[in-house]
Enquirer: 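Could you have a look at this structure, given as structure tokens, before my questions?
Lettering of chains follows the sequences in order, A, B, ..., and the numbering in each one begins at 1. Side-chain atoms are counted along with the backbone in the values below, which use heavy atoms only and exclude waters and symmetry mates. Since the structure is predicted, the reported quantities are computational estimates derived from the model, not experimental observations.
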Amino acid sequence: MTSAAPAGSELQAPSSKLDNAAIAERVIAAHPTVAARSSDNGQPYLLVPPAEIVRVATLLRDDAALRFDSLMDLTGWDLSKYPATPPSSDLVVAYFLHSLAHRHHLTVKVQVPREAAEVPTVSGVWAVANYFEREVWDLLGVRFAEHPNLKRIMTPDDWIGHPLRKDYAYPQSYNGVAHLREGQRFEPPPAPKPAAAAPPAAPPAPRPPPPASGGGAAAP
Amino acid sequence: MSSDLAIESAGGERMRINMGPHHPATHGVLRLIVECDGEIVSSATPDHGYLHRSIEKIGECVEWPMFVPYTDRVDYVCAMNANLAYCVAVEKLLATDKTTAVQVPRRAEVIRVIVAELNRISSHLVAVGAMSMDLGAYTPFLHGIAQREGVNDIFEKLCGQRLTYNYITIGGVGFDLHTGAVEEIESFLAQFEKEMIRFNKLITTNTIFRDRCAGIAVISAAEAVAYGLVGPNLRGSGVDWDIRRDEPYGIYGELGVRVPVGQGYAGRTGKVGDCYDRFIVRLLEINESVRLIRAALKLLPPAAEKPADPVGGFQADVAKALRKPPKGEIRVRTEAPRGEMGYVIVSDGTKTPYRVRCRTGSFTACSIFNKLMKGIFLADIVTVIGSFDIVVPEIDR
Amino acid sequence: MTEIIKPGNDEQVFTTTVDEFLAWGKENSLFYLLFATACCGIELMQTGGPRYDVDRLGMIPRATPRQADLMIIAGTITHKMASRVRTLWEQMTEPRWVVSMGSCANSGGPFSKYSYSVLNGVDKYIPVDVYIPGCPPRPEALIDGVMALRERVRKYRTVGIRDKDPHVVQGADCAFGSHPGKASSLELGASSPQGPKA
């Protein structure tokens, strides 16, 4: 009925668990265009060119040593206000994978330009990607090529714009009904944080000084 | 049956029925566009977004601690677990830089587990109660609600709210346990266990109920993994996976969580991964939560004078760290009653998050609906929806 | 106005007006539509549960609007949902009553400030009789709101003059105007970065 488990995950994990470096080595050996990177706070990920993603995804799922059988999350974000070096206005699509067989994790990212945001769909590899990709298309505006049903999922079909982009303009009204109440003053989201504010100097301090206007508009 | 019934000819012998967004059995505002051939469903397409409240966008607009009340509203049936998921994620983000790392007091960690498991009990009570109500048995639902009031009473004394608690904070919990809380919880658990025996006599072993659930909407383990099912829905298909045990956060690693999995409990007509298995897994998880709360109460260290005391305190000082959190991103998974609640948080080093992404169990559960409902009876749709325990704001956010 | 007349032989006869008699019946049998969208729906369920038990006020949940007198808007109404709420309200038989439960239905609540998809107050689509504040309101608050509504129902006149009746809303008189949803128009702010939907 129940399976008792020893305390701690390390005792549980099978010996076939690979660390991130070993996974990256294995993927890059098969696909040399894939790059192993890490985020600003040291979280490792694989950066995959958009055209390669389906082949890489199939390898990740089917390779006996990798066997990433579950896509735990697929999401994206807009880099245009992110203080990256160098500044970029691209959109990121991130795939968070997990292997139930081997109990290891992997983060895969794809970066696409916002004007031509298109990534091939992985819904043929993991069935759940169908829903995740519809959500990313609806909210972030990344097109997934050859997706079986790429329709808006959260907002109505006639909605304009992709809300999670950083330059999204809030609607004034929908269906003829004003968005705000009479007399309500619209308080916009915090003022854009200048992406260029990130100083390329001072490598020991990874965080940029907070921009003067950053978040100031959020205070009531 | 459906209040919003729109029947139109869909060619041939097919009939298209619009189920929802207002329908008593869809647990909120889920809409299903059902096409059926007589009584047999040939397709059921879910239509979402009727409760899309742009919570992820709001996360980009408010400061780090101000987002905690919104996590309550992501999943209000288990608001404590929703709070916990976000707070654990932010703490993990802060821990990626040595200068901002916060040490959650030991007492706060134990309190978190106690309240999260209490909330899991009350959430599963709504799940099993609502499922039996959908199948026509109203009384078990009332029994579930009556027991839920007991949990609500404890939480109300603890933090002043009955439903959306905003209790777990980044770096600890909002308030220490109130006087007499331990005794209250123990006496609640004692009477609750007796009540569950009555509940099981009433509905779980009921032949009519079991036969309506047995063998319906069977999901194999491989399908469940491919369609991203999580939590009790995944375990109902026999997959032995629980984040509390396999990737423990907080003090779950010390408690030795035992994980029930589906085994075809309905007997002769049942199969592993049918609706009855998902129902039973929830009931078994309630028992496990009772055990975990008792174990956690034994670990509770005595309260200290200072709130920020690393052992007996309840709230670490995080104000400075949250003004300048590390730049970068984190992904954290926690086990909520409806399965994995994972947060992807991107920080640009300022006092507001850059991107907050919440991955919830109900959303991915809906992705299998169309596949699962092909070929079942129209009346079994409510069984399937009930067995998945979906909560609509978790789908739409 | 109700009088008790004793014609003798211990018999009692009540005399009243038709209006008062009907109002008395309506007041004590406010069947409500089982309509819950979000968090407040759980509190609505628990108000109907064993501890608070609104059945004792003659309030019984109905699954279809055709049988309901009262619509309790329990939860957030989004732009996508709003026209459906209006349809449900139109399907209810007159006289119909609306209780807006919780801050979201009243004014958008915590979502009014930064959300792009939440309707800031259900009264933009349907007329509301009683507003109950809270996020979510306690069951006691909901019952208090229902008692306030019962006051209103008691004063309602069925055979009296109807053109002053706030609940008989026809065409352009209603808060919103004609039925929304036909002329779909999403107007954006001055700076629309994206074009129309692709």
Enquirer: Taking side chain as everything from C-beta outward and backbone as N, CA, C, O, which of these in A:Leu139 sits under 4.5 Å from a heavy atom of chain B? Side chain, backbone, both or neither.
Expert: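 Contact with chain B is through the side chain of A:Leu139 alone.
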Enquirer: Which one of B:His48, B:Lys371, B:Arg397 has the most heavy-atom pairs closer than 4.5 Å to chain A?
Expert: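 Greatest number of close heavy-atom pairs with chain A: B:His48.
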Enquirer: Which of residues 222-230 of chain B get closer than 4.5 angstrom to chain A, counting heavy atoms alone?
Expert: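 Listed by number, the contacting residues are B:Val225, B:Ala226, B:Tyr227, B:Gly228, B:Val230.
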Enquirer: Shorter than 4.5 Å, heavy atoms on both sides: which option in A:Ala127, A:Ala129, A:Pro163, A:Ser70 has the most such pairs with chain B?
Expert: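 Heavy-atom pairs under 4.5 Å are most numerous for A:Ala127.
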Enquirer: If you measure only the distance, is there a donor-acceptor pair under 3.5 Å linking the side chains of A:Thr121 and A:Glu133?
Expert: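 The criterion, which ignores hydrogens and geometry beyond distance, is satisfied for A:Glu133 and A:Thr121.
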Enquirer: In terms of side-chain heavy atoms, does B:Arg359 have a donor or acceptor partner in A:Thr75 at a distance below 3.5 Å?
Expert: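 Side-chain D/A pair, B:Arg359 to A:Thr75: absent.
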Enquirer: Going by distance alone, is a donor N or O of one side chain under 3.5 Å from an acceptor N or O of the other, for A:His98 and B:Glu340?
Expert: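 Per modelled atom types, A:His98 and B:Glu340 side chains form no pair under 3.5 Å.
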Enquirer: Testing the 3.5 Å rule here: is there a donor-acceptor pair between the side chains of B:Ser289 and B:Glu117?
Expert: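 Note: B:Ser289 and B:Glu117 side chains meet the donor-acceptor criterion.
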Enquirer: Under the side-chain hydrogen bond (donor to acceptor under 3.5 Å, both in side chains) rule, collect the residues that match up with B:Arg291, sequence neighbours excluded.
Expert: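 B:Arg291 satisfies side-chain hydrogen bond (donor to acceptor under 3.5 Å, both in side chains) with B:Glu288 once adjacent residues are dropped.
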Enquirer: Using non-hydrogen atoms and a 4.5 Å limit, figure out which bit of A:Ser39 sits close to chain B: side chain, backbone, both or neither.
Expert: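 Just its side chain gets close to chain B.
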Enquirer: Heavy-atom distances under 4.5 Å only: say whether B:Ser54 touches chain A with side chain, backbone, both or neither.
Expert: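 No part of it gets close to chain A.
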Enquirer: Please classify the contact of B:Ile395 with chain A as side chain, backbone, both or neither, using a heavy-atom distance under 4.5 Å.
Expert: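 It is the backbone, since no side chain atom gets that close.
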Enquirer: Out of A:Pro156, A:Gly76, A:Ser38, return the one with the most heavy atom pairs under 4.5 angstrom to chain B.
Expert: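 Highest number of pairs under 4.5 Å: A:Gly76.
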Enquirer: For the residue pair B:Asn287 and B:Arg258, confirm or rule out a side-chain donor-acceptor distance under 3.5 Å.
Expert: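 Side chains of B:Asn287 and B:Arg258: no pair found under 3.5 Å.
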Enquirer: Can you confirm whether A:Trp126 sits close enough to A:Leu97 that some side-chain heavy atom of one is under 4.5 Å from a side-chain heavy atom of the other?
Expert: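 SC-SC contact between A:Trp126 and A:Leu97 confirmed.
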Enquirer: Taking NZ, NE, NH1 and NH2 as the nitrogens, is one of them in B:Arg355 or B:Glu329 under 4.0 Å from a carboxylate oxygen of the other?
Expert: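 Result for this pair is no, no salt bridge flagged.
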Enquirer: Tell me every residue that passes side-chain hydrogen bond (donor to acceptor under 3.5 Å, both in side chains) with A:Asp138, counting only those two or more places apart in sequence or in another chain.
Expert: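 Partners of A:Asp138 by the side-chain hydrogen bond (donor to acceptor under 3.5 Å, both in side chains) criterion, ordered by chain and then number, come out as A:Arg152, A:Thr155.
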Enquirer: Contact part of A:Asp69 toward chain B, heavy-atom cut-off under 4.5 Å: side chain, backbone, both or neither?
Expert: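 Both parts, backbone and side chain.
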Enquirer: Can you list the residues that meet the salt bridge (charged side-chain N to carboxylate O under 4.0 Å, His left out) rule with B:Arg357, with sequence neighbours excluded?
Expert: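 Residues passing salt bridge (charged side-chain N to carboxylate O under 4.0 Å, His left out) with B:Arg357: A:Asp73, A:Glu135, B:Glu56.
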Enquirer: In terms of heavy-atom proximity below 4.5 Å to chain A, should B:Tyr252 be classed as side chain, backbone, both, or neither?
Expert: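 No part of B:Tyr252 comes within 4.5 Å of chain A.
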Enquirer: Using the side-chain contact (heavy atoms from CB on, under 4.5 Å) definition, which of the options A:Val92, A:Asp40, A:Asp90 pairs with A:Tyr82?
Expert: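 By the side-chain contact (heavy atoms from CB on, under 4.5 Å) criterion, A:Tyr82 pairs with just one of A:Val92, A:Asp40, A:Asp90: A:Asp40.
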Enquirer: Need one label for A:Leu100: side chain, backbone, both or neither, based on atoms under 4.5 Å from any heavy atom in chain B.
Expert: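 Side chain only.
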